[in-house]
Amino acid sequence: MDPTVRDERVATSPGVVEQPGTTPLVGTRQPVAPAAAPVAGAGVYTSRVAVYPVGYRLIQLVWLIAGVIDLILALDFVFRAIPANNTGFAHYIYRLGGWLGSPFDGIFNTTVANRGLSVFRWADVLAVLIYAVAAWIVVKLVRITASPRTSAPQL
């Protein structure tokens, strides 16, 4: 999906590389070091250079943040469903998950099972979905604003 540029050089003899699509003039070939290890028996050297679109790192950052938030909310849901003790790591997940899921509290009823031990907090499930959709919208906006402009044809 991401555009890449491929640079291929063809070796006509050991140590001499010719650019594809060009017609060499007699006596003008210059030795060029191979860009990559030669393919066994083919005499072809290839070099791949990746070109990332503008905003690619920002898109990666948005998905990373959304993934961490969704992971915290999913762990909060699971820890409450299987009554984990409120100590150590679970304590911090309860605090962060409660804070991240608080905008969605009250939308759905919380289901209590096993005489009050297991709690299914459906606000966490809704929060996971909403944060994932919000991240997708932000990524789309970054792609729209960072896409190169093409010139309109002149009439």
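- The CZ atom of Arg80 sits 11.0 Å away from atom CD1 of Ile93, with the distance rounded to the nearest 0.5 Å.
- Counting only heavy atoms from C-beta outward, the side chains of Phe79 and Phe89 approach each other to under 4.5 Å.
- Contact of the Asp76 side chain with the Leu96 side chain is not registered, since no non-hydrogen atoms from C-beta on lie closer than 4.5 Å.
- Using cut-offs of 30° and 60° for the angle between ring planes, the Phe77 and Trp122 rings count as tilted.
- Atom CG in Leu73 sits 8.0 Å away from atom CZ in Arg121 (nearest 0.5 Å).
- A continuous path of hydrophobic side-chain contacts links Val68 to Phe104 [ILVMFWY only; heavy atoms under 4.5 Å].
- Leu75 and Leu129 are not part of a single hydrophobic cluster, where members link through side-chain heavy atoms under 4.5 Å apart.
- With rounding to the nearest 0.5 angstrom, the CG atom of Leu126 is 10.0 Å from the OH atom of Tyr131.
- Here the side chains of Val78 and Ile82 are in contact, with some heavy-atom distance below 4.5 Å.
- Cluster annotation: Leu64 and Tyr56 are assigned to distinct hydrophobic clusters (Ile/Leu/Val/Met/Phe/Trp/Tyr, side-chain heavy-atom contacts under 4.5 Å, transitive).
- The shortest distance between side-chain heavy atoms of Ile69 and Leu100 falls below 4.5 Å.
- By the 4.5 Å heavy-atom criterion applied to side chains, Val125 and Phe120 are not counted as neighbours.
- Ile107 is connected to Trp99 through a chain of hydrophobic side-chain contacts under 4.5 Å among Ile, Leu, Val, Met, Phe, Trp and Tyr, so both are in one cluster.
- Side-chain contact check for His91 versus Asn85: every heavy-atom pair is 4.5 Å or farther apart.
- Residues Ile130 and Phe108 fall within the same hydrophobic cluster, defined by Ile, Leu, Val, Met, Phe, Trp and Tyr side chains chained together at heavy-atom separations under 4.5 Å.
- Across every non-hydrogen atom of Ala123 and Asp105, the tightest pair is CB-OD1, 3.6 Å.
- Note that CD1 of Ile72 and OH of Tyr92 are 13.5 Å apart. Values are rounded to the nearest 0.5 Å.
- Heavy-atom minimum distance, Ala66 versus Ala135: CB-CB, 3.4 Å.
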